[in-house]
Structures are given as C-alpha cells and as structure tokens.
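Since the structure comes first, as structure tokens, the remarks are kept for the end.
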Amino acid sequence: RPADGPAGQMTFLLDQDGVNTPFLRSTVPSVSAGMVALGGAIFGSVRNRIGDRWTLRAAGALMGFGIVFMGAVDTGVLAGIGCAVSGLGIGIMNPQVNHLLISQAAPEARGRAAGLGYTARYIGMFLNPVVVKPLALMWTLHGAFIAIGAVFALGTVIDLIRPAPRAAVQ
C-alpha cells in the first residue's frame, strides 16, 4: 500500500511541483510499495547479519534519508528515488518493530503486543495528514517532508550515541 508512510502524501508534493502526468503521479508512490515489499522480504537476513539494534538504526536512517530527499527534490523521477529509499526503510522497520514487540512480551501477552503494534501503525497513518498539513502551512509541503525526515534521522543519530541498554537481570 503506497499510503504507508510519506508516499501517501507524495501525490500532493508532485502536484505542487507541477508533475501532472498520470503515469508519474501513480508510479512514484507505487515505487514505495514495491520497496516496502522488498524490505520485508530481506528483513530476516538483514536482522541475522547486523542484529536488532543495527537493523532498527538502518531502517530509521533509510526512512529519514528518503523522506528528506523527497522534500529536497522537485522532479518526479528524483521523488521516486526518495520513495524507494524510504520504502525500503519502512519495509525493514515494520517487521523489526513487530519482532521487538512480540519477542519481548510474555507468551500470554504476545497477541496483545502484536495488536498494539498494528494499532500504532494505523493510528500513525491516520495522523499523517493531521501532522503534515500544519507543517506544510508553516514551511511548504517540501519543508514538511524535510522536517519529518529529519526527525527520523535525528532519532537514528540519538540511538547511535546513546549507550547500549543493559541486559535485563533475570
């Protein structure tokens, strides 16, 4: 679903940039969906190679860079590249968050943990236009993309500099 993440707002950004061809206006957001699928497909091997914390960091960095890139460019083709990068990050982030929620929950609470993750994801999708619209009014839609992408990038940087959490005492 191209509506996952920033690709849901991409048609508005393309419109603002004067991209009027139906092919680009439909294809650019769809690139995100394809890359979300690819990210989900490679998630297991990525996680096995670099571990939970680095997988989360990589996904956050891809999402942040892709979203900032979408905000910084003004052509359909370049926006498609940003959609691809952020889509790959989303495709890795979604199963990683699900894995973390479920693996850290007690066996009897795993169903609730999975439901919580699913609920949070869709609340985020619901709030997407509620958050983007005021930012777009303050800074333009391009500025809103850059600000939102910067939040993901900043979160990744903060995670890189904070000490690793200690293992729980059993």
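One-based numbering along the sequence shown.
The shortest non-hydrogen separation linking A114 to I102 is CB-CD1, 3.9 Å. The heavy-atom pair separating G89 from A59 by the smallest distance is O-CB, 3.5 Å. Taking both residues in full, the closest heavy atoms of V28 and A79 are given as CG1-C, 4.0 Å, listed atom of the first, atom of the second, then distance. Closest approach of A105 to R110, counting heavy atoms only: O-NE, 3.2 Å. Nearest heavy-atom pair, G8 versus F12, reported as atom, atom and distance to 0.1 Å: O-CE1, 4.2 Å.
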Hey, can you pull the donor-acceptor pairs under 3.5 Å for the side chains in residues 130-147, sequence neighbours left out?
unit_1: T140; atom_1: OG1; unit_2: H142; atom_2: N; d: 3.4
unit_1: T140; atom_1: OG1; unit_2: G143; atom_2: N; d: 3.2
unit_1: H142; atom_1: ND1; unit_2: G71; atom_2: O; d: 2.7
unit_1: H142; atom_1: ND1; unit_2: V73; atom_2: O; d: 3.4
unit_1: H142; atom_1: NE2; unit_2: D17; atom_2: OD1; d: 2.6
unit_1: H142; atom_1: NE2; unit_2: D17; atom_2: OD2; d: 3.3

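Every residue two or more places apart in sequence or in another chain that forms a side chain to side chain donor-acceptor pair (under 3.5 Å) with R162 is listed here: D159.
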(request) Run the numbers on M70 and C83 for side chain to side chain contact (heavy atoms under 4.5 Å, CB included), then give the verdict. (result) CA-CA 7 Å; M70 285 185 267; C83 275; 3.6 Å; yes
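Ring to ring, F126 and Y122 are not that close: their centroids are 6.0 angstrom or more apart.
Summarising the geometry, atom CD1 belonging to I67 is positioned 11.0 Å from atom CD belonging to Q9; distances are rounded to the nearest 0.5 Å. Residue R121 holds its CZ atom at 10.0 Å from OG1 of T119, rounded to the nearest 0.5 Å. Rounding to the nearest 0.5 angstrom, the gap separating the OG1 atom in T75 from the CG atom in L14 is 9.0 Å. Annotation: the span from Q16 atom CD to D74 atom CG amounts to 10.5 Å, rounded to 0.5 Å. Rounding to the nearest 0.5 Å gives a distance of 11.5 Å between CG of D52 and CZ of R57. With rounding to the nearest 0.5 angstrom, the OG atom of S103 is 10.5 Å from the CG atom of N98.
L62 and L38 end up in the same hydrophobic cluster when Ile, Leu, Val, Met, Phe, Trp and Tyr side chains are linked at under 4.5 Å. Hydrophobic clustering (side-chain heavy atoms under 4.5 Å, transitive across Ile, Leu, Val, Met, Phe, Trp, Tyr) groups M63 together with V97. No continuous path of hydrophobic side-chain contacts links V85 to I148 [ILVMFWY only; heavy atoms under 4.5 Å]. Hydrophobic clustering of Ile, Leu, Val, Met, Phe, Trp and Tyr side chains at less than 4.5 Å, counting indirect connections, keeps I92 apart from V68. The hydrophobic clustering, which links ILVMFWY residues whose side-chain heavy atoms are closer than 4.5 Å, places L88 and M10 apart.
Side-chain atoms of F43 and T55, non-hydrogen and from C-beta on, do get closer than 4.5 Å to each other. The side-chain heavy atoms of T11 and D15, taken from C-beta on, include no pair separated by under 4.5 Å.
Within 6.0 Å of the CZ atom in R112, the count of heavy atoms belonging to other residues, nucleotides or ligands does not exceed 12.
Formation of a donor-acceptor pair under 3.5 Å by the T156 side chain with backbone atoms of F152 is found in this model.
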